[in-house]
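These numbers come from the heavy atoms of this one structure, side chains and all, not from hydrogens, waters or symmetry mates. All values reported here derive from a predicted model rather than from experimental measurement. Letters A, B, ... are given to chains in the order of the sequence lines, protein chains preceding strands, and every chain is numbered from 1.
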Amino acid sequence: MPELPEVDTIVRTLRPDLTGAEILAADVRWTRTLATPSAKKFKEQIRGQKILHVARRAKFIHIILSADSLFVHLRMSGDLFIKEGGYKPGKHDRLLLDLSAPRSENFKLVFNDARKFGRVWLTDDPDLVVGGLGPEPLSDEFTPQWLYENLRAHNRRLKPLLLDQAFLAGLGNIYTDESLHMARLHPLTASASVSRAQAARLYEAIRAVLTEGIRRNGASIDWAYRGGEFQNYFRVYDRAGRPCPVCGTQIQRLVVGQRGTHICPKCQTWKRQP
DNA sequence: CACGAGACCTGTTCGC
DNA sequence: TGCGAACAGGTCTCGT
């Protein structure tokens, strides 16, 4: 569910409460939620550590502790909540941390994840988790020139390449469809065929779409989400059969790389490679 | 290297 | 109303 803007929103929401808190205990309710280490080691190792900072890297929530890094990836259905100290675990709560803060009651950080795809890592080596990721699309490292050169360096279709976190880190299904539409590029376009001008358009579109997503506190579909409202501004995502906001043509749904994909067939044309 | 299929999971929505 | 199929914001692994 959550892509870069949604994760960013969660991080901004949690940061004030979590920063400075001490972890008193961990309750692991679904063992496979832990990517590493084992539940036993996790509980021993995390107890007593303080939360120094809460950050985001791509779609990972990065909680910097006194001695380790705690990473959370929400995958499709994960979410993180703050609950009061007396909170009792609900059906889909997979991991709970008991916390104490200097000038407030004890509270809990709850990882809730209906589909159990989400994962948590506790490690002293961040590269073990995020070392293989591509650049952050909102960082200075990501430039039109970088995008042009690296699109040309692969021979892949645009959409699966943009979804590849080792290529560029943070886009998911929604923001990829939105970016491609804004850039007027078809998701099946061969990356190596993209011109400088098209790459520049795609660069601007990715930055614009992610920035707007963050400004609107992400998109809220199915789950109530920090008041996010980007879902009200989708151009094509989940809008099959409705008019393209640019030209009015009916938006089509197709499948690319096994992902539902939404395009305007008039704005986003595609010349099959000879 | 690129790609499709299947796996991992549960819940909701859609069509009959 | 019931019931199975299709689908869902993500990523990994395997075979071609």
Side-chain angles (χ1 to χ4, degrees), chain A residues 1-11 29-36 56-61 71-80 90-95 111-121 128-134 137 150-180 187-193 209-210 212-214 216-226 228-241 253-262 272-273:
Chain A
M1 121 173 57
E3 305 179 29
L4 187 155
E6 288 73 31
V7 175
D8 201 81
T9 301
I10 290 170
V11 163
R29 324 222 10 123
W30 179 252
T31 310
R32 299 188 57 183
T33 290
L34 294 178
T36 191
R56 177 188 63 71
R57 170 72 170 104
K59 301 175 196 172
F60 290 85
I61 295 157
F71 285 98
V72 179
H73 197 303
L74 305 171
R75 294 280 175 91
M76 291 290 262
S77 59
D79 207 345
L80 278 178
K91 186 178 178 187
H92 298 130
D93 294 341
R94 310 302 179 192
L95 174 67
F111 175 62
N112 181 275
D113 184 23
R115 292 180 71 179
K116 301 178 174 173
F117 289 164
R119 291 293 179 267
V120 172
W121 295 253
L128 182 83
V129 182
V130 295
L133 294 176
N150 285 278
L151 288 175
R152 306 288 307 197
H154 293 271
N155 187 21
R156 296 178 62 180
R157 298 168 311 179
L158 280 183
K159 174 153 176 177
L161 183 55
L162 292 175
L163 285 173
D164 185 343
Q165 304 296 296
F167 178 76
L168 183 64
L171 290 179
N173 210 31
I174 293 176
Y175 294 89
T176 299
D177 280 5
E178 295 295 297
S179 297
L180 287 169
L188 292 174
T189 305
S191 63
S193 76
V209 161
L210 290 177
E212 188 188 359
I214 289 172
R216 299 200 184 281
N217 294 317
S220 307
I221 306 176
D222 297 349
W223 283 262
Y225 237 178
R226 330 283 163 184
E229 54 176 5
F230 188 64
Q231 68 280 6
N232 299 321
Y233 300 88
F234 289 163
R235 306 162 64 94
V236 289
Y237 183 81
D238 202 24
R239 298 191 70 243
R253 179 184 185 276
L254 45 151
V255 176
V256 177
Q258 305 172 100
R259 310 299 303 277
T261 298
H262 312 78
R272 185 179 228 104
Q273 297 304 297

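For A/Asp238, there are no salt bridge (Lys or Arg N to Asp or Glu O under 4.0 Å) partners two or more places apart in sequence or in a different chain. For A/Asn155, there are no side-chain hydrogen bond (donor to acceptor under 3.5 Å, both in side chains) partners, not counting sequence neighbours. Scanning for side-chain contact (heavy atoms from CB on, under 4.5 Å) contacts around A/Asn150 gives A/Trp146, A/Phe167, with sequence neighbours left out. With sequence neighbours excluded, the residues satisfying salt bridge (Lys or Arg N to Asp or Glu O under 4.0 Å) with A/Lys159 are A/Asp177. Partners of A/Arg32 according to the salt bridge (Lys or Arg N to Asp or Glu O under 4.0 Å) rule, which considers only residues two or more places apart in sequence or in another chain, do not exist here. Scanning for salt bridge (Lys or Arg N to Asp or Glu O under 4.0 Å) contacts around A/Arg56 gives A/Asp8, A/Glu136, with sequence neighbours left out. Applying the side-chain hydrogen bond (donor to acceptor under 3.5 Å, both in side chains) rule to A/Gln231 yields no partners; only residues at least two apart in sequence or on another chain are considered. Residues passing the side-chain hydrogen bond (donor to acceptor under 3.5 Å, both in side chains) test with A/Tyr175, sequence neighbours excluded: A/Glu6. With sequence neighbours excluded, the residues that form a side-chain contact (heavy atoms from CB on, under 4.5 Å) with A/Ala240 are A/Arg253.
Using P as the reference atom, C/dA6 and B/dA5 are 14 Å apart when rounded to the nearest Å. As rounded to the nearest Å, C/dA5 and B/dA7 have P atoms that lie 16 Å from one another.
At the heavy-atom level, A/Asn155 lies under 4.0 Å from the strands shown only through sugar-phosphate atoms. No engagement by A/Arg119 is indicated, since no non-hydrogen atom pair under 4.0 Å with the nucleic acid exists.
Of the inter-residue distances, the one linking A/Phe71 atom CZ with A/Arg57 atom CZ reads 9.5 Å to the nearest 0.5 angstrom.
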Interface polar pairs with nucleotides 11-14 of chain C, N/O, under 3.5 angstrom:
unit_1, atom_1, unit_2, atom_2, d
C/dT11, OP1, A/His73, NE2, 2.8
C/dT11, OP2, A/Lys59, NZ, 2.8

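Dashed line: the shortest gap from a side-chain N or O of A/Tyr175 to OP1 or OP2 of C/dG9 is not under 4.0 Å.
Between the side chains of A/Asn112 and A/Asp79, no donor N or O sits under 3.5 Å from an acceptor N or O.
Taking atom CD of A/Gln231 as the reference point, atom C1' of C/dA8 lies 15 Å away to the nearest angstrom. Distance A/His262 NE2 to C/dG9 P: 8 Å, rounded to the nearest Å.
First and last contacting nucleotides of DNA chain B toward chain A (any atom under 4.0 angstrom from a heavy atom, 5' to 3' order): B/dA2 to B/dG11.
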Given Watson-Crick and G-U pairs under 3.5 Å, DNA chain B in dot-bracket ([ ] crossing, | other strand) is .|||||||.|||||||

